[in-house]
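Small disclaimer: the values here were computed from a predicted structure and weren't measured. In listed order, ligands and their atoms are each counted from 1.
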Amino acid sequence: MPTFKEKLTRLVDPMKNRINHLLTNYGDVKVADVTISQIYSGTRGVKSMICETSMLDPNEGIRYRGYSLPELIELLPKIDGGNQPLPEGLFYLLITGNMPAAEDVQDIRQEFSQRSEVPEYVFTALDALPKDISPMTQLSAALLALQGTSDFSKKFREGLPRKELWEPALEDALSILAKLPAIAAYIYRRTYKDGKRIQADPNLDWAGNLAHMMGYDEKEIREVLRLFLFLHADHEGGNVSAHTTQLVGSTLSDPFYSLSAGINGLAGPLHGMANQQVLQWIDNMKKDIGNGEPTKEEIEKYVWETLNSGRLVPGFGHAVLRKTDPRYTALREFALEHFPEDELFKIVATLYEVVPDILRIHGKAKNPWPNVDAISGSILYHYGIREFDFYTVLFGVSRSLGVLSWYVWARLLGGSLERPKSVTTEYLESLVLRWDDSLSVGIFEIDNDHKAMVDQLHNLIESYHTGKADHHIIELFAFLEKYVDKHLALEEHYMEKYSYPDLEEHKKQHAEFKDHCCALRDEFQEKGGTTRLVILIKQMLVDHFTTHVSTVDKKMAEFFKTAQHIA
Ligand code: CMX
């Protein structure tokens with residue numbers, strides 16, 4: 001029987017061949033355009049990354065390796081007598097792309113159990129932190145404390161060739177996943193309980209052991225954690241926790257550094273922290289409303305108050321999804337089956353009835369439907385895990401399955417350093433400077449020169465980004481030299497001919513523009529085409545169009561028309 005690692009190794013060459021084929025034959029095929037509004041809204045929707053472990057459809061939700069969540073709840077192996085998919089099986093699916101058999105799950109469990117011992121100094125490091133520090137800070141710090149054990153970093157220092165680094169990356173990924181339940185459980189126990197560590201039970205699965213080490217031995221809680229850890233494992237590559245892990249990993253930072261960074265991103269209220277905020281918000285609502293179970297009308301009123309005071313309704317909306325999150329639906333079905341009469345669940349269910357309509361009327365959120373965080377906390381709460389601040393840690397343990405799987409693949413495929421290009425607002429303003437009729441002064445020679453200047457500016461911007469700016473700067477200065485000599489002289493000639501009253505002021509502005517051009521040309525001759533120079537030239541021309549051409553020249557042209565008419 002091939003080992004898990006051997007099975008993974010066999011998948012690498014076919015995948016590399018597919019990618020090489022694409023790059024060799026279709027490397028120039030365009031996948032996406034980027035608009036200015038996308039640039040200002042977090043590159044939302046721009047297809048610019050690869051992640052094979054899962055893909056998110058705005059209407060259908062997440063598919064792990066092509067399988068929908070209901071399919072996987074059906075197909076993934078389960079514990080004897082259990083109904084929930086085992087996260088070990090999900091890890092096998094995420095990293096290999098193949099549906100695991102029972103023995104594959106057993107192999108992963110074996111891989112985890114060999115590496116599950118957490119060095120004592122990690123607990124000591126945690127003990128050095130105040131108990132009331134955020135559990136997410138503790139999780140991130142524990143990962144950094146473990147970083148010294150990284151096989152990846154060790155092998156990199158020893159000079160292991162880059163294409164072989166995936167092996168120590170896999171070793172680190174398995175080591176982290178193996179240790180996470182004990183670390184998360186200890187964070188829980190030292191923050192909220194007696195601080196005593198509970199040893200792992202070798203007969204239990206990954207999620208079951210997490211529940212056990214947290215101090216929960218009821219079968220239902222193990223099942224709930226299996227479901228929770230299954231549902232939060234992956235959400236394609238662009239979400240903040242996944243993207244951060246991969247971004248940091250692209251520098252060849254090891255999996256400990258990279259995951260710790262991803263966990264820090266997950267701690268944000270717009271991301272994973274929303275699951276604890278939902279319960280906090282419901283708690284505040286109950287306190288605010290008082291007297292027992294809130295009615296539908298009272299809930300509606302509270303939602304409006306939240307929105308009208310400029311706050312978010314946590315657990316609703318999504319950057320990609322445009323329907324109810326299927327993770328929400330899976331947890332709702334679980335709650336409906338197991339505890340439909342639970343007071344908190346009833347509030348969550350009422351929120352599902354009222355919030356989408358309110359968000360639609362409010363008119364801001366693109367997606368009024370609930371995401372997973374709207375319900376996940378209420379399930380944990382029902383089973384007695386009532387420490388809201390800890391919920392994001394469970395999210396983080398789960399998310400590690402997906403992001404570490406892809407971390408390993410990124411090294412397998414020799415993933416490049418991520419380095420998108422940023423631009424300034426000034427750059428975008430220059431880009432949108434177009435010739436249009438609003439700029440026309442209605443005098444053929446003058447308009448023609450201005451159109452040509454806009455073209456020159458566009459050539460310069462294009463070339464600036466392809467690294468061939470000098471040639472266009474020379475052309476632009478040659479053009480500007482002619483412009484200041486002929487065009488401005490022509491304008492001045494007309495002004496004198498028709499006795500334009502603001503002649504002196506207009507001439508003064510021309511002189512300033514000439515001086516500006518000369519100063520920049522001198523700088524070019526002295527230092528060459530620096531980035532600063534390109535920006536200064538662009539700004540000079542943008543200013544010239546937005547102030548001089550569109551107002552001063554227009555005023556002059558209007559005067560000429562009247563003067564000609566009179567003549
Ligand atoms: N309550 C109030 N306003 C909301 C809202 C909500 N639940 N969801 C979106 N909006 C607002 C946004 O703040 C934004 O307002 P501005 O234009 O004033 O900035 C506007 O609607 C448009 O936002 P959007 O394009 O629909 O959503 P984004 O892609 O910018 O953000 C998300 C997505 C999830 C951050 C946002 O819906 C939100 O803040 N929801 C509440 C927090 C939450 O549940 N986060 C968990 C997401 C899942 C996860 O990662 O765990």
Side-chain angles (χ1 to χ4, degrees), residues 35 37-46 51 54 56-59 61-62 69 136 228-245 262-282 284-285 299-300 302-331 348 351-352 354-380 388-403:
T35 63
S37 68
Q38 283 173 311
I39 291 179
Y40 281 104
S41 54
T43 9
R44 197 73 88 258
V46 180
C51 176
S54 64
L56 185 56
D57 178 271
N59 294 313
I62 192 70
L69 297 181
M136 285 299 271
F228 189 100
L229 298 180
F230 158 74
L231 288 175
H232 291 78
D234 212 29
H235 224 220
E236 70 172 32
N239 68 77
V240 170
S241 49
H243 187 193
T244 308
T245 306
I263 291 294
N264 296 344
L266 191 69
L270 297 186
H271 193 14
M273 200 206 256
N275 67 3
Q276 65 194 55
Q277 290 213 313
V278 169
L279 285 211
Q280 194 66 61
W281 179 76
I282 293 178
N284 292 343
M285 170 167 71
I299 292 178
E300 275 173 348
Y302 192 78
V303 173
W304 272 117
E305 277 167 16
T306 302
L307 290 170
N308 290 338
S309 62
R311 285 173 295 144
L312 298 165
V313 179
F316 285 79
H318 200 272
V320 181
L321 282 168
R322 292 296 173 259
K323 288 273 165 65
T324 299
D325 187 340
R327 300 173 298 177
Y328 178 94
T329 309
L331 288 171
V348 167
L351 286 168
Y352 191 24
V354 306
V355 174
D357 279 345
I358 294 178
L359 282 178
R360 261 192 295 256
I361 297 166
H362 183 246
K364 266 182 150 189
K366 294 192 188 68
N367 173 37
W369 299 104
N371 60 63
V372 65
D373 297 323
I375 192 167
S376 54
S378 66
I379 310 272
L380 297 169
F388 310 158
D389 286 0
F390 188 71
Y391 295 170
T392 318
V393 170
L394 294 175
F395 193 158
V397 172
S398 168
R399 184 51 55 95
S400 309
L401 292 166
V403 301

When you measure from atom 42 (C) of ligand 1 to each heavy atom in G317, S41, P269, which option holds the nearest one? P269
Are H271 and H235 an aromatic pair, judged by ring center distance below 6.0 Å? no
The answer for which part of N371 has a heavy atom under 4.0 Å from ligand 1 is side chain
Taking distance alone, with N or O pairs closer than 3.5 Å, would you say H362 contacts ligand 1? no
CG-OG distance between D234 and S400, expressed to the nearest 0.5 angstrom: 11.0 Å
Tell me whether ligand 1 is touched by N239 - counting only heavy atoms on the residue side and a distance under 4.0 Å. no
In the protein, which heavy atom is nearest to atom 51 (O) of ligand 1, and how far is it? D373 OD2, 2.6 Å
For a 4.5 angstrom cut-off between non-hydrogen side-chain atoms, does F390 reach L380? no
Closest to atom 23 (O) of ligand 1 by heavy-atom distance, out of K366, R399, R44, is K366
Using a 4.0 Å heavy-atom cut-off, say whether Q277 meets ligand 1 through its side chain, its backbone, both or neither. neither
Can a protein heavy atom be found under 4.0 Å away from atom 19 (O) of ligand 1? no
Nearest 0.5 Å, please: how far is CG in L351 from CD in E300? 10.5 Å
For atom 1 (N) of ligand 1, state which one of V313, L270, V320 supplies the nearest heavy atom. V313
Under the 4.0 Å line, does any protein heavy atom show up next to atom 46 (C) of ligand 1? yes
What part of L312, side chain from CB on, backbone N/CA/C/O, both or neither, has a heavy atom under 4.0 Å from ligand 1? both
Heavy-atom distance from atom 14 (C) of ligand 1 to the protein below 4.0 Å? no
H232 vs F228 aromatic rings, parallel, tilted or perpendicular, using cut-offs 30° and 60°? parallel
Option with minimal heavy-atom separation from atom 50 (O) of ligand 1, where the choices are H235, H232, R311, H271: H271
Are L307 and I358 packed together at the side-chain level, in the sense that at least one heavy-atom pair is separated by less than 4.5 angstrom? yes
Any N or O on L307 sitting closer than 3.5 Å to an N or O of ligand 1? no
Nearest 0.5 Å, please: how far is CZ in R360 from CH2 in W369? 5.0 Å
Rounded to the nearest 0.5 Å, how far does OG1 of T35 lie from CZ of R44? 11.5 Å
Nearest to atom 17 (O) of ligand 1, what protein heavy atom do you find, and at what distance? K364 CE, 4.3 Å
Can you find an N or O of F395 that's nearer than 3.5 Å to an N or O of ligand 1? no
For the CG atom of N371 and the CG atom of N275, what is their distance to the nearest 0.5 Å? 9.5 Å
For atom 27 (O) of ligand 1, which of M273, R322, H318 has the closest heavy atom? H318
Could you say whether the N/O atoms of G315 and ligand 1 ever approach to under 3.5 Å? yes
Gap separating the CZ atom of F395 from the CD atom of Q276, nearest 0.5 angstrom: 11.5 Å
Can you sort out which atoms of ligand 1 are near A274, meaning under 4.0 Å from one of its heavy atoms? 43 (C), 44 (O), 45 (N), 46 (C)
